[in-house]
J.: 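Before I ask anything, let me first share the structure, which is written out below as structure tokens.
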Amino acid sequence: MKMKRILASRSVEYTIAILTVSLLATHPAHAYLDPGSGSYALQVGIAGLLGALFSLKMFWRRLRERLFASNRESAPAAARNLGERAG
Amino acid sequence: MNAIPTREDSILATAALPVTDAAVEPSSFRDPGGFVFERDGTLYRQVNPRALEGYTKLRQSGLYDVLTGDGLLIAHTEVSLQERMTDEAQVILQPEHIPFLTYCYEWCFGQIRDAALVTLTIQREALQRGLSLKDASAYNIQFRSGCRPVLIDTLSFEPYAEGAPWVAYRQFCQHFLAPLALMSHTDIRLAQLLQPNLDGIPLDLAAHLLPARDRFHASLLPHIFLHSAAQRRHAADNARSDTPPAAAGMAKNALLGLIDSLESGIRSLNWRPAGTVWGSYYEGGTNYAADAFEAKRTLTAALLEDIQPRPAFALDFGANTGVFSRLAAERGIETIALDTDPAAVEQCYQECRGSSRERLLPMVQDLMNPSPSLGWAQSERKSLLERCATAERRGGSVAFALALVHHLAIGNNVPLPKVAALFAAAAEHLIVEWVPKEDSQVRRLLATREDIFDDYTRAGFERAFCSSLYDLVRREPIPGTSRVLYLLRRRKAAGQ
């Protein structure tokens with residue numbers, strides 16, 4: 001629980017720092033739906049953090065699977081880990 | 001009337017009057033990439049040039065086969081271009097039929113949660129194949145028979161451009177994450193905010209209503225609180241300058257991280273129905289004995305069997321957890337179990353999901369204030385009664401009103417003739433239970449108030465229900481109780 005809180009507070013710091021640096025950078029929208037410039041800015045702002053966390057998660061998952069040679073990824077599609085296929 | 005408009009006029013024409021004997025679905029006007037229309041009772045989707053690339057890639061990448069194979073995307077067949085509605089049509093699709101439409105403001109917590117997870121699963125699968133969802137509207141998800149959520153908008157896919165953020169991120173947060181967070185952490189009834197906010201709950205409103213501790217939630221912090229702040233900040237930026245913002249990229253890995261973070265957030269949100277009056281209605285027994293309850297079930301089934309030809313739809317009003325709805329669903333009837341209590345609907349939904357029960361669809365619905373027509377020109381989202389009428393046209397329908405009339409007549413002061421008229425507008429057949437004043441449930445309703453209900457007698461009930469609106473088909477007392485079950489058939493001129 002304590003660990004969870006520490007992680008949460010660190011993610012706050014990272015997020016705010018990255019957000020401050022790159023908040024003004026956005027993509028022009030080409031879709032029929034207005035994505036909202038604030039929503040674009042936020043995504044770009046937290047992209048680095050999200051990408052890093054995701055890579056770490058995938059690395060950890062692969063490592064765990066190799067170590068324990070477990071194959072628990074045979075669930076139906078809705079629960080399937082599609083992120084694995086990206087690698 | 002049969003003239004086909006020019007290419008330039010076609011988009012305008014589809015949003016205005018039908019140019020053939022077909023009619024454009026009133027909610028299908030936002031995306032110029034295509035639209036849905038109905039002709040002779042069959043639904044079609046027209047693919048326009050703007051959406052052709054996305055559609056072609058959906059098919060060629062194998063994404064369509066994967067998603068339809070997994071039941072996540074609605075299947076369709078391509079039909080002749082002769083079925084087109086306007087000249088610019090590139091492909092015409094005939095999608096699989098959804099028996100009864102429900103909207104996110106009528107869903108229980110579990111339904112919104114599953115719809116959110118399906119949307120994220122589809123987006124992740126799409127990204128693997130070079131596509132991305134260009135919208136993440138909760139209205140693009142419907143529930144098929146057996147409570148299985150499915151994406152119904154085949155044209156929601158566009159080619160993924162490397163470096164582009166997710167264009168539908170804001171919409172996903174407003175349509176799914178914010179409502180689920182509010183329902184889970186603030187109050188389950190806040191799902192009702194989806195009804196006036198058809199493009200989802202504004203994030204600043206969600207941030208305002210969520211408890212302060214959620215500012216430390218790993219998913220709600222970025223996707224609700226910081227997101228809301230970024231929207232506020234950039235709204236001011238936009239007002240100050242009309243110069244295009246600088247381009248910036250978002251690596252695919254980061255985009256997958258965004259989807260993963262949203263999914264973690266959705267999975268962390270839970271709600272267990274407990275402590276409501278109706279959610280535990282059948283627990284510990286009701287006011288009647290188990291054998292009387294069983295007799296009521298047997299009688300209801302017998303009355304249902306008496307309806308010939310068998311109706312295609314059943315609407316169980318006040319269904320609670322759907323105990324009686326299952327009688328219809330088990331007979332192959334598309335059954336909608338409606339109840340005002342989100343806990344009861346949640347129990348019904350979870351049971352339905354767990355048992356893969358076919359043909360049962362629960363929804364939250366307050367009969368004292370049923371879903372109205374909403375949205376643009378009040379025709380974008382259909383009212384409950386409009387959808388009931390559509391169901392009846394597609395194969396006949398029966399309404400159940402079991403242990404319900406006393407709640408409407410005594411609990412909410414609705415005169416019996418008005419109660420009868422509502423059911424007559426909803427379905428052509430009615431199985432209704434008369435609960436007299438001496439019944440313990442009615443006595444409980446009258447315990448704290450003056451009995452002003454002089455007409456609430458069996459004679460008054462039969463006057464209201466069996467005189468001008470309905471013909472009496474069968475009447476059966478429920479053994480072991482003072483209650484009576486009626487099977488009624490609406491007269492030709494009555495009701496609608």
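Note on naming: letters A, B, ... go to the chains in the order of the sequence lines (proteins, then strands), and numbering restarts at 1 for each one. What you see is a predicted model; the values in this text were computed from it and never measured.
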J.: Treating A:Q43 as the side-chain partner and B:M250 as the backbone partner, does any N or O pair qualify as donor plus acceptor under 3.5 Å?
T.: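 The answer is no, because no donor-acceptor pair under 3.5 Å joins these two groups.
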J.: With no hydrogens and no angle check, is any side-chain donor or acceptor of B:D260 less than 3.5 Å from a backbone partner on A:F54?
T.: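 Between the backbone of A:F54 and the side chain of B:D260 there is no qualifying donor-acceptor contact (under 3.5 Å).
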J.: Do you know which two heavy atoms are closest between B:R170 and A:G36, and how far apart they sit?
T.: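 Heavy-atom minimum between the residues: NE-N, 4.4 Å.
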J.: Using every non-hydrogen atom in the two residues, find where A:A47 and B:A254 come nearest and quote the distance to one decimal.
T.: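 Shortest heavy-atom contact: O-CB, 3.3 Å.
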J.: Indicate the atoms forming the closest heavy-atom contact of A:G51 with B:N253, along with that distance.
T.: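 Heavy atoms of A:G51 and B:N253 come nearest at O-ND2, 3.2 Å.
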J.: Roughly how far apart are A:L42 CG and B:R233 CZ, rounded to 0.5 Å?
T.: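 The distance works out to 12.0 Å.
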J.: Answer with side chain, backbone, both or neither: which region of B:S264 has an atom nearer than 4.5 Å to a non-hydrogen atom of chain A?
T.: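 The side chain, not the backbone.
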J.: Rounded to the nearest 0.5 Å, how far apart are CG of A:L50 and CG of B:L255?
T.: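 The CG atom of A:L50 sits 9.5 Å away from the CG atom of B:L255.
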J.: Can you name the closest pair of heavy atoms from A:Y40 and B:W166 and give their distance?
T.: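 Of all heavy-atom pairs spanning A:Y40 and B:W166, the closest is CE1-O, 4.2 Å.
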